[in-house]
Amino acid sequence: MKKKLLHHFTLMVTIATTIIFMSGCGDNSKERERQNREAEDMVYAAYMNKDYTRIIELVDSLKPLGNFSEGKACYWMGYAYDRLMQKRMAELYWKTGLAAVENSTEDEDVRVYAGISNRLTGLLNTWTEYEAALKVAVPATERLKSLGRDTTSEYTNMLIYIGCCQNHFGLSEHKTNKTLEEAYIAHINNIKKHPHAISYRDAIVGIINISYNYMEIGDYKKAKTWLKRLNQLIDGYEKQADARPDYTQKQRARYNIYLARTLEGLGKKEEAAEAYIKFCQSDFFKTAEGKILASDYLRLAGRWQDAADNFGSLDEVMKEYGISYSLENIQKMLLKKYEVNMKAGRIDTARAVSMKITERLDSAITLSRSAEAREEEAVHEKELEMTAENERYLRQRHITRLAVMAGVIVILIIYIVLRHRSQARLAKALERAKESDRMKTAFVQHISHEIRTPLNIITGFAQVVSNPDYELSDEERSRIMADITHNTTEITNFVNELLELSESESQSQYQLDEDVDVATVCQEAVEAYEAKNQGRLTLSVNSELANGCMIKSNAAAIRKIMDRLMSNALKFTNHGSVTIILKTVNDKLQIAVEDTGIGIPRDQQERVFERFYKVDSFVQGIGLGLTVARRAAQLLGGTLTIDPTYTSGCRFVVTLPMH
């Protein structure tokens, strides 16, 4: 009887507790909604004030209170770090946010998913990590379309990013055109649905990105088509009641300078000049940004004097937008400024620019290393913090469940296992960080040495040419200018080779959809190096292939490999010959490049493929040629090795699939 009464009493207490809890749940829910709105209002106010540090502080303090979901918190944290130029930290938060909401169909989570996908795609596209950008954007657009969310600006922006990435990868032209047309139609439909200035502005920004993409890859015919659409959108925007005249004028000026560059690229010089005159009549042309934007057309048109004048505004632009002299900006801006002043015959200005390059390069390398180290350390700490937070959450949940199901012994076992795994991951992470730091140090030292030499030569010769106390003959002056041009080219080649290696490492495979006549490609490589050879060596192609033998591959990649191997052979061969031998071995195509040079010691034949490794450190070069060549062979589905049995010099062997 007592047991029965006790059972009824326990049941009544349970029911009462549940009723009390449910009666207060409505009030708690309303209070929670109010707190969430206030939290979002505070973050939005910081966003409007461009106080990105404040956004981080607010989200960090409000998220533990439950005012932000995991996805929304990661979106705002990523946005704030992106604006603070801590890109890797932004990438970390956005990837974490995607993982948190990618399987949710709640309206709020889907909006966050669209926003994060768009931001992350744009970031990866800016880094030229096109494959990674596609891996985010393609599934995101497919998911949004399946959910009926394909009318948002985020969806349309990602379509444009996808098309631009496909262009850079050289993928199917039909597929690229279809993607970009879909984005354009989406913008037009949005304008019809919401005929306001903001809809036109979204479309204008998107079409500008497409037009600029085609100009950058030299497809001026398509650029002209998209510029025509841009002009129509600007006309439509101008007619809106809420349109801003200053925005209309700026975009009209941008259209005219892009049109001038496009027409010049199509060989329509007179029409291009007319478009440039219209651009010069705008207020935007008078700004420093406008003058720098015009320099691309002026360089293409060979108007070096005007281009040199416009580049005089470079420092003003960099100051206005807070742009630092990074390695990338030295290549994109200062080297261009040096080029136009040299071709304009402004030796004093070119000398001053070369001095600035010399002064800024060391600090740019140091700044890059320091910034990357700080950011990687911060990212690493945040990863550990997020991992620890996630592990704490999982551990607490396991403890709660296992406390009911089992006992203290099981909980302790799981705790020990998780702790052991965490320590192992931490040890591995620390080891990777140490190795990364070592590689960065070696990289900076190597690049500093290789770039300082040509820069010192440029500076020395520039001082000689500009010094009125030196009397130089025309022949001496021409020789000095040739040396300056040669060393400038060497610096550009160094930077391009680094960027090329970075791009190849982000890819998993080349497109293998071309019918390639390898014998012709090899003959072209020999002919290309005949001028540099100047009859010193015998260059030839020995083909055992049938006439017209073709393979499905990538011609540009094979040319890249042959260029690196021919350059290497001529560099280390003083007399004798360089021969390219073509044959098939076990249903594979074999390309052997053999020379009668100094050869490579057997114990170093594999090391020459390592980054920055050189057998002779006094030979010019940064030690990336063979690294790039082997990576290209691997992306073609083949291999690049050295034949250790060949002792009359060196024989590199490229093996490629025939089908």
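Sequential numbering from 1 along the given sequence is applied to the chain's residues.
Residues T225 and Y214 fail the side-chain proximity criterion, which asks for heavy atoms closer than 4.5 Å. Side-chain contact between L263 and K224 is present, with at least one heavy-atom pair separated by less than 4.5 Å. Put simply, the side chain of I558 reaches to within 4.5 Å of the side chain of L636, judged on heavy atoms. At a threshold of 4.5 Å between non-hydrogen side-chain atoms, the residues Y255 and L259 count as touching. Looking at N542 and L582, their side chains never come closer than 4.5 Å, going by heavy atoms from C-beta outward. Looking at V578 and N533, their side chains never come closer than 4.5 Å, going by heavy atoms from C-beta outward. At a threshold of 4.5 Å between non-hydrogen side-chain atoms, the residues R559 and E524 count as touching. Residues F652 and N568 are in side-chain contact: their nearest non-hydrogen atoms beyond the backbone lie under 4.5 Å apart.
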**Study point:** Residues N209, Y161; criterion side-chain hydrogen bond (donor to acceptor under 3.5 Å, both in side chains); working and verdict
**Key:** CA-CA 9 Å; N209 287 335; Y161 285 131; 5.3 Å; no
Practice item. Might you work through the side chain to side chain contact (heavy atoms under 4.5 Å, CB included) test for V593 and M562, ending with a clear yes or no? Key: CA-CA 8 Å; V593 180; M562 299 312 299; 3.7 Å; yes
Point to revise | From CA spacing to verdict: side chain to side chain contact (heavy atoms under 4.5 Å, CB included), L124, Y130 | key: CA-CA 7 Å; L124 295 171; Y130 304 118; over 6 Å; no
Check your understanding: Passes side chain to side chain contact (heavy atoms under 4.5 Å, CB included), I160 versus I162? Steps please.
Key -> CA-CA 5 Å; I160 292 174; I162 290 171; over 6 Å; no
**Study point:** Stepwise side chain to side chain contact (heavy atoms under 4.5 Å, CB included) test for R299 and V340
**Key:** CA-CA 7 Å; R299 292 173 67 243; V340 298; 3.6 Å; yes
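Residues E216 and R261 are paired through a salt bridge, judged by an N-O separation under 4.0 Å between the basic side chain and the carboxylate. Under 4.0 Å is where a charged nitrogen must lie from a carboxylate oxygen, and between R351 and D348 no such pair does. By the 4.0 Å N-to-carboxylate-O rule, D309 lies close enough to R346 to be salt-bridged with it. Comment: E594 engages R651 in a salt bridge, judged by a side-chain N to carboxylate O separation of less than 4.0 angstrom. Salt-bridge check for E610 with R607: passed, with a basic side-chain N closer than 4.0 Å to an acidic carboxylate O. With salt bridges taken as basic N to acidic carboxylate O contacts below 4.0 Å, none links R479 and E475.
K269 NZ: more than 12 foreign heavy atoms inside a 6.0 Å radius. Residue-environment remark: NZ (K222) exceeds the threshold of 12 foreign heavy atoms within 6.0 Å. The number of heavy-atom neighbours closer than 6.0 Å to CG of D603, taken from other residues, nucleotides and ligands shown, is above 12.
The nearest pair of heavy atoms linking T262 to A223 is OG1-CB, 3.9 Å. Contact record, C522 with I591: SG-CG2, 4.1 Å, taken as the closest heavy-atom pair. The two residues T176 and G163 have their closest heavy-atom pair at CG2-O, 3.4 Å. The two residues A555 and V516 come nearest to each other via the heavy atoms N-CG2, 3.7 Å. Between S211 and W226 the shortest heavy-atom distance is OG-CB, 3.4 Å. The two residues A133 and C165 come nearest to each other via the heavy atoms CB-SG, 3.9 Å.
Formation of a donor-acceptor pair under 3.5 Å by the S543 side chain with backbone atoms of I581 is not found in this model. Distance alone, capped at 3.5 Å, places no donor-acceptor pair between the Y258 side chain and the I208 backbone. Of the possible polar contacts, none joining the N586 side chain to the K588 backbone as a donor-acceptor pair under 3.5 Å is found. Counting only distance, with no hydrogens or angles, the side chain of Q605 and the backbone of I600 share a donor-acceptor pair below 3.5 Å. Within the 3.5 Å criterion, the main-chain N or O of Q511 finds a donor-acceptor partner in the side chain of N554. The main-chain N or O of A344 is found under 3.5 Å from a side-chain atom of Q305 such that the two form a donor-acceptor pair. The backbone N or O of R564 lies less than 3.5 Å from no partner atom in the side chain of S567, so there is not a single donor-acceptor pair. With hydrogens and angles ignored, the 3.5 Å screen pairs no side-chain donor or acceptor of R254 with any backbone N or O of G290. Remark: side-chain polar atoms of T596 are paired, donor with acceptor, to backbone N or O of S577 under 3.5 angstrom.
Put simply, CG on L298 and CD on E264 are 9.5 Å apart, with the number rounded to the nearest 0.5 Å. For the atom pair CG (L266) and CD (E271), the distance works out to 9.0 Å, reported to the nearest 0.5 Å. For the atom pair L293 CG and N310 CG, the distance stands at 10.0 Å (nearest 0.5 Å). L545 contributes atom CG, which lies 12.0 Å from atom CE of M550 (distance to the nearest 0.5 angstrom). Atom CD1 of I257 is separated from atom CZ of F279 by 4.5 Å, given to the nearest 0.5 angstrom. The distance from atom CG of N574 to atom CG of D595, rounded to the nearest 0.5 Å, is 10.5 Å.
The distance between the ring centers of Y276 and Y297 falls below 6.0 angstrom.
Applying the salt bridge (charged side-chain N to carboxylate O under 4.0 Å, His left out) criterion to K552, with sequence neighbours excluded, gives D515. Every residue two or more places apart in sequence or in another chain that forms a side chain to side chain donor-acceptor pair (under 3.5 Å) with D306 is listed here: R303.
A cation-pi arrangement is found for R630 relative to F609, the charged atom lying closer than 6.0 Å to the ring centre and inside a 45° cone about the ring normal.
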